[in-house]
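What follows is a single structure, written as structure tokens, with notes after it.
Small disclaimer: the values here were computed from a predicted structure and weren't measured.
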Amino acid sequence: MPSRGWSDAARRARPRRRQKPRLTLHLQVASRAAPVPALAQVRRWARGALKASAEITVRIVGTAEARILNRRYRDRDYAANVLSFPYTLPRGLVQGDIVLCAR
């Protein structure tokens, strides 16, 4: 008599549900220039962009710090809106820092 449940072949053929990427997020606010988004909002934005698990630091700075970082790391003498500093890990985990200028 045939089995009424899933056969071994059918079980193997079923697509596996993808696990959501894990996110470790650190938010640093170093600017008083403008209202900044809440941690929950930054987390939603980061999750929306993720395709793999990640460990990210988002730092919100003023124009002076953004200019210093842009000059130091990109040799450009102006306050950039966004700077990113990716790191490479052997495990395939996305890791890096994102600096946002609050003007």
Original post:
Just how far is it from atom CG of Leu39 to atom NE2 of His26, taken to the nearest 0.5 Å?
Top reply: 10.5 Å

Original post:
Going from CG on Leu93 to OG on Ser53, what distance comes out if it is rounded to the nearest 0.5 angstrom?
Top reply: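 Separation between the atoms: 6.5 Å.
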
Original post:
Which heavy atom of Cys101 sits nearest a heavy atom of Ala79, and at what distance?
Top reply: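 That would be SG-CB, 4.4 Å.
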
**OP:** State, to 0.1 Å, how close Ala52 and Val94 come at their nearest heavy-atom pair, and which atoms those are.
**Re:** CB-CG2, 4.2 Å

**OP:** With sequence neighbours left out, write down each residue that passes salt bridge (Lys or Arg N to Asp or Glu O under 4.0 Å) with Asp75, or none if nothing qualifies.
**Re:** none

**OP:** Inspect the surroundings of CZ in Arg22 and state if more than 12 heavy atoms from other residues, nucleotides or ligands are less than 6.0 Å away.
**Re:**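 Open: at most 12 neighbouring heavy atoms sit under 6.0 Å from CZ of Arg22.
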
If the condition is side-chain contact (heavy atoms from CB on, under 4.5 Å), which residues does [X] pass it with, not counting sequence neighbours?
{"X": "Tyr78", "value": "Asn70, Arg74, Arg76, Ala80"}
{"X": "Leu23", "value": "Leu25, Arg43, Ala46, Arg47, Leu50, Ala54, Ile56"}
{"X": "Asp97", "value": "Thr57, Phe85, Tyr87"}
{"X": "Glu65", "value": "Ala30, Arg59, Val61, Leu69"}

Shared ILVMFWY cluster between [X] and [Y], side chains joined below 4.5 angstrom?
{"X": "Val42", "Y": "Ile98", "answer": "yes"}
{"X": "Val29", "Y": "Val99", "answer": "no"}
{"X": "Trp45", "Y": "Val36", "answer": "yes"}

Subject >> Pairs meeting criterion ring pair (Phe, Tyr, Trp, His ring centres under 6.0 Å) with involvement of residues 47-71, two or more places apart >> reply: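 Counting only pairs at least two positions apart or across chains, no ring pair (Phe, Tyr, Trp, His ring centres under 6.0 Å) contact touches residues 47-71.
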
**OP:** Not counting sequence neighbours, which residues clear side chain to side chain donor-acceptor pair (under 3.5 Å) with Arg67? List them please.
**Re:** Asp77

Original post:
Hydrophobic cluster mates of Ile68, side-chain heavy atoms under 4.5 angstrom, ILVMFWY only, any path?
Top reply: none

Original post:
Are the side chains of Ser31 and Leu100 in touch, meaning some heavy atoms are under 4.5 Å apart?
Top reply: no

Subject >> Under 3.5 Å donor-acceptor, Thr24 side chain and Glu55 backbone >> reply: no

